[in-house]
2 protein chains.
Amino acid sequence: MTVSTKDRILAVTEDLFGQHGFSATTLRDVTDRAGVNLASVNYHFGSKEALFMEMLRRRIEPINRKRIELLDEALRRSGGAPLSLEAIWDAILRPLGEAVTTTDGFDEKFLRLISQSLVERNEFFETAHQQFFTEFKERFSPELARSLPKMDPQEMTWRVYFSFSAMLGAIIQHQKIGRWFPFLENRGNVDNMIDRLINFIVAGLTNSRVGEVPNREEAEVRS
Amino acid sequence: MTVSTKDRILAVTEDLFGQHGFSATTLRDVTDRAGVNLASVNYHFGSKEALFMEMLRRRIEPINRKRIELLDEALRRSGGAPLSLEAIWDAILRPLGEAVTTTDGFDEKFLRLISQSLVERNEFFETAHQQFFTEFKERFSPELARSLPKMDPQEMTWRVYFSFSAMLGAIIQHQKIGRWFPFLENRGNVDNMIDRLINFIVAGLTNSRVGEVPNREEAEVRS
DNA sequence: ATCCTGTTCAAACAACCGTTTAAGTCAAGT
DNA sequence: ACTTGACTTAAACGGTTGTTTGAACAGGAT
């Protein structure tokens, strides 16, 4: 089976963008590695920018579609009753987890691609992420509010922000996890990491303490 | 008072690197904006890479130095007794907070600089961050273990990883906070955000639940 | 006055960038 | 057989890149 020039270019672009970012990736790098002619990029995509936009769009859209699907499905099963925080964050994290999973663990190339796209200062890259967040605010935010009805909205917003920070930070830093914590078990198990991340996030969201940090010096005994 | 050519270059480099990253920042951009001659970069720093390394080194080193100082100080006050988790994370987060604070709130330029440096694939940039983590593992990690003596080391490591993810994610995503949550109060208050982040992290670290997510559908009632 | 050292300057260097061009290929449609 | 349209190709385009060069400048020491 032969792969089309277009797909060959897109595949290589994913790799190189994840490794070096937009500016440092040259079209000659892409076309040489893909084994296609330099001009075919401008022929099929119009420009370098359009190529990278198309590459990112193809990767991000399915994830967000799956997220909405999982949320709808959970709501259907609950009969419209408020969901558990675990179910909500499962719908957010599991499609992302699937997208970054290969047959043998994490897809480091794709993780780097996401990291780069989050930092890249470019109109499309920002609107692409912005688009997910409007979806999130409209669909997931009300569900979180229904599941934590007694929480102050301002406090809730901060905690949701930190939850997202933990999620995105975990992705961005993932390539360093092996170097930082070489003895960590289950490093390659995506579902295991997501389970642990959900536990961490839910604990932060349901924390009973509000306001300033007491910041006494001595430790209280904790289990 | 006149500012030296070297310092003028470094200041502009910080700005432009934060805005566009390493590759997309040209030396002509830097020297034009700084009002100095193009060749002065290679004269004072040797190369473009060396310039960016020096720029980052000058910014990161004081933060890590201050972190160790705060930890030592807290241990002196506690007489060597185990510290509260809040005190430990205060030592980690407060120097970072100071570094990204100007007279009127967050220093977005510097936040972007850190974000870029975390994703940039470059030998020095990686060893610079690596350096902090060896320091962290040798000094902060044992203190965390002393403060949570009953916790399984593997579980602890995962939670520390997520804590760092939340911290770095909060920095990287900070530029988007206004667009995502326009009605969020206290957005510009650095200390306030750090207080909230410490609460979030400590809740995640002290979470009593371990293992797989139960993931039932209906919400339990939470305060 | 002369030399020395550190710095600045305009100009040029070769290499590389994204994009365009025009000719060439090849299979399907008539 | 001929035409059409989609695609590929090598070569060139003008512009920009980081770096180097050698002359010019300034100020203190000899």
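Every chain is numbered from 1, with letters handed out A, B, ... down the list of sequences.
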Checklist entry - CH2 of A:W158 to CG of B:N192: how many Å apart, nearest 0.5 Å? => result 6.0 Å
Next on the checklist: Given 3.5 Å as the limit, does a donor-acceptor pair link the side chain of A:N207 with the main chain of B:N199, or not?
Outcome noted: yes
Checklist entry - Is there a donor-acceptor contact under 3.5 Å from the side chain of A:E54 to the main chain of A:F45? => result no
Checklist entry - For B:F22, which residues count as a ring-ring contact (aromatic ring centres under 6.0 Å, His included) partner, sequence neighbours excluded? => result B:F52
Item to check | B:N189: side-chain hydrogen bond (donor to acceptor under 3.5 Å, both in side chains) partners, not counting sequence neighbours | outcome: none
Item to check | Contacts of B:R159 that satisfy salt bridge (charged side-chain N to carboxylate O under 4.0 Å, His left out) - sequence neighbours left out | outcome: B:E155
Next on the checklist: Whether the side chain of B:D29 engages the backbone of B:L16 through a donor-acceptor N/O pair (distance < 3.5 Å, no angle test) should be reported.
Outcome noted: no
Checklist entry - What is the bend of the helix from C:dA1-D:dT30 to C:dT30-D:dA1 when you compare the axis at one end with the axis at the other, using five pairs each and rounding to 10°? => result 20°
Next on the checklist: Quick check on contacts: within residues 27-39 of chain B, what sits under 4.0 Å from DNA chain C by heavy-atom distance?
Outcome noted: B:R28, B:N37, B:A39
Item to check | Sugar-phosphate only, base, or nothing, as touched by B:T26 at under 4.0 Å among non-hydrogen atoms | outcome: sugar-phosphate
Checklist outcome for this item: Which of A:K109, A:R59, A:R112 passes salt bridge (charged side-chain N to carboxylate O under 4.0 Å, His left out) with A:E14? It is A:R59
Next on the checklist: Using the ring-ring contact (aromatic ring centres under 6.0 Å, His included) criterion, which residues pair with B:F200? Sequence neighbours excluded.
Outcome noted: A:F162
Checklist entry - Strictly by modelled atom types, are A:S40 and A:N37 linked by a side-chain donor-acceptor pair under 3.5 Å? => result no
Checklist outcome for this item: With a 4.0 Å cut-off (strictly under) to non-hydrogen atoms of chain A, the first and last hit nts on DNA chain C, 5' to 3', are C:dC17 to C:dT21
Checklist outcome for this item: The ring-ring contact (aromatic ring centres under 6.0 Å, His included) partners of A:F140 (sequence neighbours excluded) come to A:F136
Next on the checklist: Listing request: all side chain to side chain donor-acceptor pair (under 3.5 Å) pairs with a residue in residues 60-72 of chain A, at least two apart in sequence or in separate chains.
Outcome noted: A:R57-A:E61, A:N64-A:R67, A:D72-A:R139
Checklist entry - For atom CD of B:Q130, is the number of surrounding heavy atoms from other residues, nucleotides or ligands below 6.0 Å larger than 12? => result yes
Checklist outcome for this item: Quick note, ring pair (Phe, Tyr, Trp, His ring centres under 6.0 Å) partners involving residues 95-114 of chain B, not counting sequence neighbours, are B:F106-B:H174
Checklist entry - Where along residues 9-25 of chain B does a heavy atom come under 4.0 Å from DNA chain C, residue by residue in number order? => result none
Checklist entry - Where the side chain of B:S147 meets the backbone of B:L83, is there a donor-acceptor pair that is under 3.5 Å apart? => result yes
Item to check | Range on DNA chain D touched by chain A - first to last nucleotide, heavy-atom distance under 4.0 Å | outcome: D:dA6 to D:dA12
